[in-house]
Amino acid sequence: MFIGFLQFKPSLGRVEENLRRVVELLNHAQEGSVVLLPEMWQCGFDYEGMQEHAKKTAYVLDAIKELSLSKKIAIAGTYPVLEDNRLYNMAVVVYRGSVVYKRPKVKLFPLYEEPKHFSAGEENPTFELEGLKVGILVCFELRFGAMAWELKKKGVELLLVPAMWGAKRKEHWQTLTKARAIELQAYVVACNAWGKVGEEEYGGSSAIYGPWGDVLAFSEKGDRLCSAPLDKREIEKVRRYLPVD
């Protein structure tokens, strides 16, 4: 299996433009791979238009489903979703044409005023892809060690971290994503937006880490599709060599 990220700079509030760009880049993804997109990639944190953007999420996901089916890939990211008159920052994973996982972001980021606009989720379940146990931490959730530890206890082998993480805190992002790979003894795919989106500058520095904490792929800036192979034997090896359960 190949795992990867699609780092890019979303245009604030321009759903169709962002979708076209993502589809264009994902057409180069390797068949059978798992690809992570940035958090809120379809519109960014455009709160003035968020209700309208959420109404377009079904249309966006239909396009992502079609692409995932034709390319035989899994595509993960977060989207604005309206459910029961509540707005959520929703992590969604599409695999071969179907939604196989969804859950709202649990830890909303006060600095970006998320609690004023989104409702928080309560649980962070894992899921499986081709026999691989996968977990997600959405952006700010990366800072909460207890959430990571719960995933470790569940035996997560691949952690996906979609984010729109500010450039001012880029060193925190790089340190925490690598630390989670070492702590979980798992592969980590961390995908961030980059460049100026609205008034905020995002830090990029998307990466893939192996279960030993080694850097398998990295991109500081630019629209980039990067991938690396995942070898379950490396997970088994590090957990056998350094048992920390």
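Here S70 pairs with L67 under the side chain to side chain contact (heavy atoms under 4.5 Å, CB included) rule; sequence neighbours left out.
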Checklist entry - Stepwise, does the side-chain hydrogen bond (donor to acceptor under 3.5 Å, both in side chains) test hold for Q30 with S227? => result CA-CA 8 Å; Q30 184 161 337; S227 65; 4.8 Å; no
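Using a 4.0 Å cut-off between charged side-chain N and carboxylate O, R233 and E236 make no salt bridge.
Not less than 6.0 angstrom separates the ring centroid of F140 from the ring centroid of W165.
Note on residues 77-98: pairs passing salt bridge (charged side-chain N to carboxylate O under 4.0 Å, His left out), not counting sequence neighbours, are E83-K102. Residues in residues 183-199 take part in these salt bridge (charged side-chain N to carboxylate O under 4.0 Å, His left out) pairs, two or more places apart or across chains: R180-E183. Pairs engaging residues 163-178 under the salt bridge (charged side-chain N to carboxylate O under 4.0 Å, His left out) rule: K170-E220 [sequence neighbours left out].
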Only pairs under 3.5 Å count here: list side-chain donor-acceptor contacts from residues 126-135, not counting sequence neighbours, and write none if there are none.
unit_1, atom_1, unit_2, atom_2, d
E130, OE2, Y95, OH, 2.2
K133, NZ, K154, O, 3.1

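Side-chain contact between P80 and C43 is present, with at least one heavy-atom pair separated by less than 4.5 Å.
In K152, the NZ atom is crowded: over 12 heavy atoms of neighbouring residues, nucleotides or ligands sit closer than 6.0 Å.
The closest side-chain donor-acceptor pair between S11 and E17 falls under 3.5 angstrom. Side-chain contact check for N89 and E114: at least one donor-acceptor pair (N or O, by modelled atom type) lies under 3.5 Å.
Here V244 sits alone; no ILVMFWY side chain lies under 4.5 Å from its own, so it joins no hydrophobic cluster.
Across all their heavy atoms, R103 and L137 have their closest contact at NH2-CA, 4.0 Å.
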